[in-house]
Amino acid sequence: MHILCVAEKPSIASSVARTLSGGNSRTRQVKGKAGRFARNIDFTFDFPEFGRCDVTMTSVAGHVTNIDFPDQYSWGHCNPEALFDAPTIIKVGNPVIADNITKEAQNCDLLMIWTDCDREGEYIGWEIVQQASIRNRGMTLESAYRARFSHLERSHVIYAAKHPVRLDKKAIEAVKTRMELDLRTGACLTRFLTGLFGRVLDKGSPMVSYGGCQFPTLGFVVDRYKRIKMFKKEPFWQISLAFKKKQKQCLMTWERGHLFDRLVTVCIYQNCLKLEPESATVIGVDTKPTSNWAPLPLTTVEMQKDCGRFFKLTAKDTLSAAETLYTKGFISYPRTETDTFPKAMDLRKLVEKQVESSKWGAYARSLLDDTGNFRQPRTGKHSDEAHPPIHPIILAGEQASLTSVQKTVYEYVVRRFLACCSPDAKGLKSSIRVKWGTEVFRAAGLVVTSNGYLEIFIYSKWKSSRTSLPEVELNERVKLCKVLVTEGSTEPPKKLTETELIALMDANGIGTDATIAEHIDKIKSRNYVIMQKTSEGRSKTSVIVPTELGYGLVEGFNRLGLIKISLTKPFLRRMLETKLKYICEGQVSRKDVLAETISLYREAYTLMTRQQSLLLQSYKEAIRTND
DNA sequence: GCAAGGTC
């Protein structure tokens, strides 16, 4: 018996083959430039159900095909509205990879799918079956096996090979639905908007596109911008108090925070001053141990957020650096939502790979020696059922040929990994509460007693307070050295950083770990938003603000009078995700979800065509207000 | 020339 195994990407094919073959295999390179990543690896393996088999392990590279419209529906050849129910066709993306599957399947008796264990992976499995069936009629969805694995640990992979299941037809249906809806709604609205705005935009401007992910992403940017623009400062008043003990001054903050009424604040102040002109009473002294937890195992989104914060890298640059590090074998697969390491994974062995480093080798050694500093990382709540958290594989020495950005990202991945295998940082949190007249004031201090993971995770700061609190006792009378009413005012929200935008998209389910960076990049390249340097606070940061076009688009869409749902808010995408989940669970049919969603977009499209001038007007107004 | 999702 000859079995063809197909993984979602070459790296998985290689490591699965390495495990199953026990090192005894032959590799045939796929011919052609476009196939330089695909390899066919031959070996034998003992399957309980089929006995000793010849195995060919190969891979695709993500999706094999893409959905599109036939030529007669190409841009300019039909009314955009026709795309809501135009026929669709399936096109092969990379013929070399697709043909390789067809050829290899020709000589095989069975097909076993080794794609990632997620929704898209099931669909890619179906695409592989299609390619395999072209010259081998025995290859069908029903006869194909599917290996279920969520990481590449040896025993797990062997178990997956020995206990295959079938492809999940419902998940395949769900992905089909997503693809079709994204294409129909995206192409239709994009053609309409580009046509409409072509009347007012300069020649050579980028097209005006709509996409179910790009618009909510733009919506987040505009939303923050508007909140800042609409912000009105409000003055407030507060009572500041300080007492002195043994030359030590202790500044306290009012428990009420601040009041928006000056007169009331002054009355309270004067009343207290009358009651206790010179001193206050300590009503609470407290010192408690506190911890600053070591970080969770690393996901893509966290990596992008951190690299934005610490190194001012864009999400796209971070991911692209991580991809290079991955293909060079320095770090694990960089697109993952999983924040828990599999129990069986030997993390100490990975730490050991870092001991030769001149920068962090000593720390890595200290984790492994007898002091017992190594900690099993915390377990998070997320899993994509496909990849482990991002971690270093081998040490990239100083001489490794990497760009400076790649070096930065690599160092970050290593330090983060070592940090999550480290003890928490520990400290003592102390607080003092005093009562002055009718009012209560408090001060807090921190003494860090053990740096823990912060030794290696140098990007995070957690430091002892600059001045320690004076030693006082309960009920002690302390002498006031300062009491006064001070005025302040509310501050507008801060401008949106890319790190915050990633967090918003992640929390609202806009895009995936692999695509969030692309969506942000898209709204930049469409000239909906621009990056702006500001020096808010101490450090220079880069923030995202909408252009007149971006602002006008969101405003225009909001004015259309869409009653059921907004196209610039995240809810529609989240609703689609929910419905796709229902398809996976068999609660609704693909047909129903298609019909419901398309009817919603038809309504939006009708409103847009009826109010074209309104859409353009919002853009023109945005320009006028800016002048 | 459109989308979003995989991946190199």
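In what follows, chains are A, B, ... by sequence order, proteins preceding strands, each numbered from 1. Since we're looking at a predicted model, the values are computed, not measured.
Taking A/Glu127 as the reference, nothing meets the salt bridge (charged side-chain N to carboxylate O under 4.0 Å, His left out) condition, with sequence neighbours excluded. Residues that satisfy the side chain to side chain donor-acceptor pair (under 3.5 Å) test with A/Lys381, not counting sequence neighbours, are absent from this structure. The salt bridge (charged side-chain N to carboxylate O under 4.0 Å, His left out) search around A/Lys9 returns A/Asp116, not counting sequence neighbours. Every residue two or more places apart in sequence or in another chain was checked for a salt bridge (charged side-chain N to carboxylate O under 4.0 Å, His left out) with A/Asp168, and none qualifies. By the salt bridge (charged side-chain N to carboxylate O under 4.0 Å, His left out) test, A/Glu8 pairs with no residue at all, sequence neighbours left out. In this view, A/Tyr123 and A/His63, A/Trp126 satisfy the ring-ring contact (aromatic ring centres under 6.0 Å, His included) rule, not counting sequence neighbours.
Heavy-atom distances under 4.0 Å link DNA chain B to A/Asp116, A/Glu120 of residues 115-122 of chain A, given in residue order. Contact check of residues 172-187 of chain A against DNA chain B (heavy atom, cut-off under 4.0 Å) returns A/Arg178, A/Met179, A/Asp182, A/Leu183, A/Gly186, A/Ala187. Of the residues in residues 515-526 of chain A, A/Thr515, A/Glu518, A/His519, A/Lys522, A/Arg526 come within less than 4.0 Å of DNA chain B through at least one heavy atom, sorted by number. DNA chain B lies under 4.0 Å from at least one heavy atom of each of the following residues of residues 318-327 of chain A: A/Tyr326, A/Thr327.
In this pair, A/His163 and A/Tyr159 present their aromatic rings parallel. The plane angle is below 30°, not in the 30 to 60° band.
The side chain of A/Ile67 lies closest to B/dA3, out of B/dA3, B/dG5, B/dC8. Nearest nucleotide to the side chain of A/Trp75, out of B/dC2, B/dA4, B/dT7: B/dC2. Between B/dC2, B/dG1, B/dG5, one nucleotide has an atom nearer to the side chain of A/Thr194 than all others, and that is B/dG1. For A/Lys9, the listed nucleotide lying nearest its side chain is B/dT7; candidates were B/dG6, B/dA3, B/dT7.
Atoms CG (A/Asn527) and P (B/dG1) sit 21 Å apart, rounded to a whole Å. As a whole-Å value, the separation of A/Asn66 CG from B/dA3 P is 11 Å. Atoms CG (A/Leu218) and P (B/dA4) sit 12 Å apart, rounded to a whole Å. Here the C1' atom of nucleotide B/dT7 and the CD1 atom of A/Ile12 are 12 Å apart, to the nearest Å. Distance A/Glu337 CD to B/dG5 P: 11 Å, rounded to the nearest Å. One can place CD1 of A/Ile101 at 19 Å from P of B/dG6, the figure rounded to the nearest angstrom. Spacing between atom CD of A/Glu8 and atom P of B/dG5 amounts to 14 Å, rounded to whole angstrom units. Regarding A/Phe197, its CZ atom lies at a distance of 18 Å from the P atom of B/dC2, rounded to whole Å.
Within the structure, salt bridge (Lys or Arg N to Asp or Glu O under 4.0 Å) contacts touching residues 585-601 of chain A (residues at least two apart or in different chains) are A/Glu173-A/Arg590, A/Glu180-A/Arg590, A/Lys579-A/Glu596. Within the structure, the salt bridge (Lys or Arg N to Asp or Glu O under 4.0 Å) test picks out the following pairs touching residues 56-71 of chain A (sequence neighbours left out): A/Asp68-A/Lys91.
Counting non-hydrogen atoms under 4.0 angstrom, A/Pro80 reaches nothing in the nucleic acid. As judged by a 4.0 angstrom heavy-atom cut-off over every strand, A/Tyr210 is placed among residues touching the sugar-phosphate backbone only. Counting any heavy atom pair closer than 4.0 Å across all strands shown, A/Tyr73 reaches no nucleic acid atom. Nucleic acid contact class of A/Gly93 (heavy atoms, under 4.0 Å, all strands): none.
A salt bridge links A/Asp182 to A/Arg178: one of the charged nitrogens lies within less than 4.0 Å of a carboxylate oxygen.
Within the 4.5 Å cutoff, the side chain of A/Leu313 has heavy atoms near those of the A/Val405 side chain. Between A/Lys169 and A/Leu141, the closest side-chain pair of non-hydrogen atoms falls below 4.5 Å.
A/Arg26 forms no cation-pi arrangement with A/Phe43, by the criterion of a distance under 6.0 Å to the ring centre and an angle within 45° of the ring axis.
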Stepwise salt bridge (Lys or Arg N to Asp or Glu O under 4.0 Å) test for A/Lys170 and A/Glu122:
CA-CA 9 Å; A/Lys170 295 194 183 94; A/Glu122 297 299 315; over 6 Å; no
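With DNA chain B read from its 5' end, the first of the two nearest nucleotides for A/Asp68 and A/Val64 is the one closest to A/Asp68.
Using a 4.0 Å cut-off, some side-chain N or O of A/Ser209 falls inside it from OP1 or OP2 of B/dA3. Within the structure, a side-chain polar atom (N or O) of A/Arg335 is placed less than 4.0 Å from OP1 or OP2 of B/dT7.
Side chain of A/Tyr528 to backbone of A/Ser209: a donor-acceptor contact under 3.5 angstrom is found.
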